[in-house]
Amino acid sequence: MSDNKSPTDEFESVVEQGVHNYSSEESWVKPEDPLLLERLEWFKDQKLGLMMHWGPYSQLGLVESWALSDVDKEWSRNEIDWDIDAEELKREYFALNKTFNPLRFQPEQWASLAADNGFKYLNFTTKHHDGFCMWDTQTTEYRITGPDCPFHSHKYADITKQLFNAFRARGLGISAYFSKADWHTPYYWAPGMRLGTTTSRGPTYDPKEYPWLWEQFVQFTHEQIMELMTNYGRIDVLWLDAGWVNDYRDQNIRLGEVVEKARQIQPWLLSADRTVGGPYENLITPEQTLPEQALHVPWESCITMGSAFSFRYEDHYKSVRELIHLFIEIVAKGGNLALNVGPQPDGRISRTAISRIQGMGDWLKVYGEAIYGTRICEPYSIGNLRFTQKADKVYAFHLYKDEEARVPQEIVLPLHREVSRIDLIGSYDKLEFRQTEQGVSIRLPDEGTGGKAPIAHVFRIQ
């Protein structure tokens, strides 16, 4: 990008309608630290994370944060159906902390739901772009434990601490989402620094012209990150959003400095400086999409269970079949699925979301061996077939679009290797098969081809 590009438009290629592009496989930098390499293998074993966008914005049932940005109004305000101008909208949005009171929040129930149904880690939004902190930060009053927030006196007021402790107690890893941009602090959106009142994703001033103000923002950001890294137990991943804030453009927050400081406390810490590339993007993070081809580096797709990351009233949720097919596709291409569920403003997870999680859990209890701890296996994804492998076993998934799909008598797997045994996981052992020029032809038992089509037939091949 040329030096004459302003902070307002420097990141237009990074974010489009709130959805981030993702870094290329070629931009990934392999860490040199053996411990980080070990932790990346741990991460690749996990496969399924529970992502949660939650904050005062959940009360409106609208997209998180983005409506504050005037340059994003065409898409981020398309559901604002009450008579309000942009400045009043911002005032109302920033005042949502005064009514956020999730009294029905039960962190142990969330953790049990995740742990009992095959999720292996939590990715929680400690702070989105709007700057509201879901932990007991000492850097701002704009926080869940702040005096203006009615939840501040609740026993679970420090929501981040409660969630991290509850999920960690159930053996799940912890990924801390943190936005590098902060649209509430005057160190980033500084009042009076720009003619007019138009807001954008970037700061309201040029950091090169006001280096003293930018340095205040850098210190503010470092202090918040170090609070999370110091006071909230073991953190496995620091998951950094707002890719337009990065050390290669005008918005240099000296991220490496704070990550290395954090690693003095938590040497195992993985960093996901998403869309930026370089040594601190240990994980590549596609958003609401997945790569067309397998990636040979650590990656994680963050995809919503419903239509959006934040809670929506009367949302449309993906079916269990759709979720499992999506999950298998991601795993076959070498990635993890961070499945996002937006909690309700009262502190509960919707009944529909719970039913989907439990449906996934029921499936994983039977077929999890073909998912967890696996690695990519050619030909990865072809037609309605997906492949994974673990040790000396290959797993093949034959997906069925719906219950009415035809179940064939024979399934041909394009595998060209010696095979001694094939089992149909969850039902039949030692299936009949023959090796042909096309691959391995498997014959399903007659009783396995009638009735409704399953989500998938999953074969164990040795």
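Just so it is clear, the model here is predicted, and its values are computed rather than measured.
- Under the side-chain contact (heavy atoms from CB on, under 4.5 Å) test applied with Arg77, the options Leu62, Asp72, Asp70, Leu68 reduce to a single match, Asp70.
- Checked by atom type, the side-chain pair Thr304/Gln288 shows a donor-acceptor distance below 3.5 Å.
- In Lys30, the NZ atom is not crowded: 12 or fewer heavy atoms of neighbouring residues, nucleotides or ligands sit closer than 6.0 Å.
- Less than 6.0 angstrom separates the ring centroid of Tyr121 from the ring centroid of Phe43.
- Between Arg274 and the choices Glu287, Glu281, Glu300, the salt bridge (charged side-chain N to carboxylate O under 4.0 Å, His left out) rule is met once, by Glu287.
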Is there a salt bridge (Lys or Arg N to Asp or Glu O under 4.0 Å) between Arg143 and Glu141 once you walk through the steps?
CA-CA 6 Å; Arg143 65 182 192 268; Glu141 293 291 278; 2.8 Å; yes
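- For an aromatic pair to be called close, the ring centres must be under 6.0 Å apart, and His129 with Trp244 satisfies this.
- A ring-centre distance under 6.0 Å is found for Trp54 and Phe100.
- For Asp423, the side chain to side chain contact (heavy atoms under 4.5 Å, CB included) partners at least two apart in sequence or on another chain are Arg421, Asp429, Lys430, Arg460, Gln462.
- A distance of 6.0 Å or more separates the ring centres of Phe459 and His398.
- Among Ile425, Ile371, Ile324, Val331, the single residue meeting the side-chain contact (heavy atoms from CB on, under 4.5 Å) criterion with Phe397 is Ile371.
- Applying the side chain to side chain contact (heavy atoms under 4.5 Å, CB included) test to Ala308 and every residue at least two apart in sequence or in another chain returns Arg312.
- More than 12 heavy atoms of other residues, nucleotides or ligands shown are found within 6.0 angstrom of CZ on Arg91.
- Ring pair Tyr232/Phe164 is perpendicular by interplanar angle, where above 60° counts as perpendicular and below 30° as parallel.
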Full working for side-chain contact (heavy atoms from CB on, under 4.5 Å) between Arg170 and Ser112
CA-CA 7 Å; Arg170 291 302 308 268; Ser112 294; 3.0 Å; yes
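- Minimum interatomic distance between Gln389 and Ile376 (heavy atoms only, all atoms of both residues): NE2-O, 3.0 Å.
- By the 30° and 60° cut-offs, the orientation of the rings of Phe132 relative to Tyr142 is perpendicular.
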